[in-house]
**Q** 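The structure follows.
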Amino acid sequence: MQAKTIREQFIQFFEQKGHQQVAAAPIVNKDDPTLLFTNAGMNQFKDYFLGHKHAPHPRAVSAQPCLRVSGKHNDLEEVGADTYHHTMFEMLGNWSFGDYFKAEAIPWAWELLTAVYKLTPDRLYVTVYGGDKGDQLGVDQEAQRIWEQLIDKSHILLGSKKNNFWEMGDTGPCGPCSEVHVDIRSAAEREQVPGHTLVNRDHPRVVELWNLVFIQYNRLANGQLRALPAKHVDTGLGLERLAMVLQAKKSNYDTDLFTPLIQAISSISKHTYGQSTAIDMAIRVMADHVRAVTFAIADGQPPSNVKAGYVIRRILRRAVRYGYTYLGFEEPFMYRLVSVLVQQLQTAYAHLKSQQAYIEKLIREEEEAFLRTLATGLQRLEKLSQALPKESTVIDGSTAFELYDTHGFPIDLTVLIARERGLQVDAVGFAKALQVQRQRSRHAAAVEKGDWKKILDKPSSTFVGYDQLEANAHVVQYRMTKVQGQPRYQIVLDQTPFYPEGGGQVGDTGQLRLGKDILKVLDTRRENDLIVHEVAQLPSDLGVPLQASVDKAKRMHTASHHTATHLLHAALRQVLGLHVEQRGSLVNEKYLRFDFSHPAQLTHREIRAVEALVNEKIRANIALTEYRQMTLAEASAMGAMALFGEKYGERVRVVAFNPTFSVELCGGTHVPATGHLGFFKITASTAVAAGVRRMEAVVGAAAETLIHHQLALLQTLRGMLKQPKDLEKGIQQLLKDKASLGKQLAAYEAQQTQVVIDQLHGRFKKWNDVRYLITEVTLSNASALRQVAAALQQVTTEPGFIVITADIDQKPYIAVALTGDLENTWGRNACDIAQALAQPIQGGGGGKATLATAGGKLVQGLPRVLSLAEEMLRTTPQPV
Ligand code: SER
């Protein structure tokens with residue numbers, strides 16, 4: 001049974017049981033500060049479980065790409081080493097939001113596995129939560145009893161908190177779980193060792209297939225469990241493992257989900273899979289990692305230096321490292337696998353196809369950059385391990401940090417390479433060094449969060465800010481947080497006019513008035529489905545009705561820039577072509593920044609054309625048309641493009657300014673008609689990444705200010721040039737004059753240099769057989785000093801030693817020249833001598849063996865340079 005069919009049958013089975021199919025969420029988690037990546041199908045439903053939101057359907061089913069590479073669920077180290085863990089995997093799941101519970105969830109799972117997928121009951125084992133003292137919970141007897149109706153008692157095992165209590169992260173919804181494990185060993189092996197002894201023992205062919213979680217609690221920040229208002233079901237079945245079982249394979253990598261990738265890697269590398277342990281592992285790492293990186297980029301998270309982007313970069317680098325070391329790939333190769341993956345998964349995940357070229361380009365560039373540093377980094381590591389004292393097996397933290405900092409080696413990569421050489425890495429020392437660096441760059445904006453405290457028991461966060469900037473509201477819940485040690489509070493209202501940061505648009509600011517208290521709203525953000533208002537203090541009474549007012553001027557300027565972004569997007573597509581797609585955007589009250597796909601730098605003419613088109617649309621004063629409740633299909637029919645990396649609900653909002661010009665899916669706020677923008681001006685056009693360009697622009701008052709400043713600057717320049725008729729000509733004349741003065745000056749300096757040379761000619765002295773000249777000179781630039789030394793070098797062919805110094809604009813300079821064979825007789829060249837002489841001026845220099853110069857910081861040291869030179873002359877062995 002192909003993976004595609006397995007996926008479809010799962011969905012169909014639960015659809016028949018009244019479940020609504022829900023689209024997968026992006027693999028990158030943008031709205032939940034507790035999680036970088038989607039690590040389970042349930043993430044997108046978190047607020048339903050916690051009771052913050054009502055689920056639109058009581059039952060749901062989905063196939064969800066998940067990434068377990070950071071935080072509580074991190075399998076990265078296992079990936080490739082074994083045959084059944086992955087960075088990115090697909091989780092098939094069914095959910096009940098306060099609807100059915102164990103009595104349905106368990107028998108349905110059993111029915112699907114045994115009646116639809118036809119697994120042999122004898123090969124299945126189930127685990128049930130055995131309780132935990134710390135959490136004051138007992139054995140899940142309810143689940144136990146239900147299983148006893150379905151499967152032989154000897155196949156039911158009790159499990160620990162570690163295996164049978166599922167938690168999404170350090171905080172959040174959780175509950176006891178029951179897992180189904182499968183034993184796919186041969187009959188002989190099963191005869192020898194009974195399957196139940198291998199459950200949860202990391203056996204590659206006795207593996208967990210499906211986890212049925214009974215969500216009943218919320219894990220609080222203080223570690224305690226709080227019962228949730230309703231009971232829910234959250235299940236997750238690993239598609240790759242199920243495919244292994246149903247396709248009668250011994251490893252996930254032998255299923256049709258991986259074989260095309262493995263074949264591609266084999267044919268590119270000319271290494272056959274299944275011949276050598278190390279090579280096989282490298283091939284698995286690559287086949288796995290390309291999936292994670294591709295999905296992450298397609299969902300809007302390119303590799304980068306921070307947070308989620310850095311995790312993706314590490315995954316990619318891990319693959320490159322394996323390819324380089326074990327398969328001999330010295331050129332980029334991962335990007336060549338993207339097409340294979342897209343070909344395979346495009347029916348289930350159509351967005352991969354439309355992003356393919358972009359993903360390939362990004363991966364390729366990333367690979368090129370890393371391959372460049374990999375070779376030098378590996379050499380450095382090699383040297384280090386050889387230089388370690390015999391008895392030491394630990395690479396110290398600062399070295400690991402150097403590898404990280406200058407060679408871009410993620411610490412897990414260093415650990416891995418070290419491990420292959422039988423060495424360890426001082427992880428604590430590394431962490432310390434990293435911490436010091438972080439503190440230095442003051443990026444560690446530590447945010448601690450308390451638990452939500454309910455004030456009102458009602459749904460929250462209805463957004464009314466499209467139509468009004470003020471609203472009466474109530475506090476539904478609040479919590480305390482700390483930002484860099486400073487207390488802050490977060491407040492959630494039943495309804496709010498405050499726009500939460502999203503879609504590139506900044507969050508609103510403004511105030512909440514509760515009785516006599518006025519709270520300044522410093523920022524508004526979205527956290528899953530909650531709209532969170534950030535304030536610095538709490539009011540005396542949180543229970544009173546309040547008035548929420550948005551800062552109108554700021555919102556108005558921000559909305560103008562948001563509308564301008566839409567016009568810019570449409571204009572770019574019209575001027576440059578339909579390949580232009582949004583890659584990122586920032587909109588605030590001061591300006592807009594828009595990133596888009598386009599292969600080349602924009603010409604002047606193109607920029608002008610875009611600007612002119614936007615301004616034309618502003619002057620046409622096109623009214624906003626807004627559709628708040630369209631289906632995605634209706635929106636696409638109107639021409640609205642879904643942005644990659646965005647999750648859209650069942651109903652979408654469409655914003656159009658003339659449906660034949662600009663139609664976009666957008667949750668942001670806009671002006672009623674384009675005329676409000678006044679005037680549009682592009683202020684920057686740059687490159688941000690391969691194939692991605694960036695534009696910055698301003699409209700309205702911000703554009704007016706910009707133009708005002710530019711005109712004022714012109715006015716000032718006119719004034720400085722005594723009001724010339726033609727400013728351009730005036731400046732040209734100025735530049736001409738400057739050039740001719742420059743020439744005169746150069747001629748004068750050359751003359752001066754010649755005078756100095758002539759004066760010094762006759763001032764050579766002799767010490768034994770060495771002719772020497774050690775003196776200070778007066779010159780106006782450093783290159784003249786070198787010229788003088790070079791000219792003096794021509795004076796004699798006998799052994800000679802020339803040291804001249806100069807104070808040029810309060811900076812000390814030295815020139816050293818040697819003649820004859822002095823360099824050999826003394827055994828010191830001019831560079832060494834210049835270095836030594838530069839000590840008193842705290843400087844350094846270089847040059848050629850017979851002519852070198854040095855500069856320094858301490859002009860007072862110059863006399864000492866001269867006396868040092870004299871000493872050197874007198875103490876250096878004399879020519880024979
Ligand atoms: N959330 C559970 C898991 O990830 C079941 O889906 O295992």
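Both counts, for ligands and for their atoms, begin at 1 and track the order of listing. As a basis for the values below, the full set of heavy atoms in this structure was taken, side chains included, without hydrogen atoms, waters or symmetry mates.
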**Q** With a cut-off of 4.0 Å, which atoms of ligand 1 are near a heavy atom of Val213?
**A**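 Close to Val213: 2 (C), 5 (C).
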**Q** Applying side-chain contact (heavy atoms from CB on, under 4.5 Å) to His232 and Asp99, what does each step give before you reach the verdict?
**A** CA-CA 7 Å; His232 316 275; Asp99 187 43; over 6 Å; no
**Q** Residue-level breakdown please: for Asn211 versus ligand 1, do any non-hydrogen atoms fall below 4.0 Å on the side chain, on the backbone, on both, or on neither?
**A**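 Both backbone and side chain of Asn211 come within 4.0 Å of ligand 1.
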**Q** Pull out every atom of ligand 1 sitting under 4.0 Å from any heavy atom of Ala40, numbered as shown with elements.
**A**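 Reading through ligand 1 atom by atom, the close ones are 1 (N), 4 (O).
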**Q** Which atoms of ligand 1 are found less than 4.0 Å from any heavy atom of Met42?
**A**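 Every atom of ligand 1 under 4.0 Å from some heavy atom of Met42: 1 (N).
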**Q** Tell me which part of Thr235 gets within contact of ligand 1: side chain, backbone, both or neither, using heavy atoms under 4.0 Å.
**A**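 For Thr235, only backbone atoms sit under 4.0 Å from ligand 1.
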**Q** Compute the minimum heavy-atom distance from Met91 to ligand 1 and say whether it is under 4.0 Å.
**A**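 For ligand 1, residue contact (heavy atoms, under 4.0 Å) with Met91 is present.
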**Q** Could you tell me how the ring of His19 sits relative to the ring of Phe14: parallel (under 30°), tilted (30 to 60°) or perpendicular (over 60°)?
**A**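 The rings of His19 and Phe14 stand perpendicular, inter-plane angle above 60°.
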**Q** Cation-pi between Lys17 and Phe13: NZ/CZ under 6.0 Å from ring centre and within 45° of the ring axis?
**A**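 Judged by the rule (NZ or CZ under 6.0 Å from the ring centre, within 45° of its axis), Lys17 counts as positioned above Phe13.
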**Q** Using a 4.0 Å cut-off to any heavy atom of Asp234, which atoms of ligand 1 qualify?
**A**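 Here the atoms of ligand 1 in question are 1 (N), 2 (C), 5 (C), 6 (O).
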**Q** Are there over 12 heavy-atom neighbours, none belonging to Asp457, within less than 6.0 Å of that residue's CG?
**A**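 No, because the 6.0 Å sphere around CG of Asp457 holds 12 heavy atoms or fewer from other groups.
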**Q** Do the charged groups of Arg190 and Asp183 touch, with an N to O distance under 4.0 Å?
**A**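 Looking at Arg190 and Asp183, the cut-off is met.
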**Q** Kindly assign one of parallel, tilted or perpendicular to the pair Trp108 and Tyr100, based on the angle between their ring planes and the thresholds 30° and 60°.
**A**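 Judged by the thresholds at 30° and 60°, the geometry between Trp108 and Tyr100 is perpendicular.
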**Q** Is Arg68 in contact with ligand 1, taking contact as a heavy-atom separation below 4.0 Å?
**A**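 The answer is yes: ligand 1 sits under 4.0 Å from a heavy atom of Arg68.
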**Q** When you measure from the centre of the six-membered ring of Phe214, is the NZ or CZ of Lys102 closer than 6.0 Å and no more than 45° off the axis?
**A**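 Because its charged atom sits under 6.0 Å from the ring centre and within 45° of the axis, Lys102 does stack over Phe214.
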**Q** Would you mind running through ligand 1 and noting each atom that sits below 4.0 Å from a heavy atom of Gly236?
**A**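 So the answer, numbered in order with elements, is 5 (C), 6 (O).
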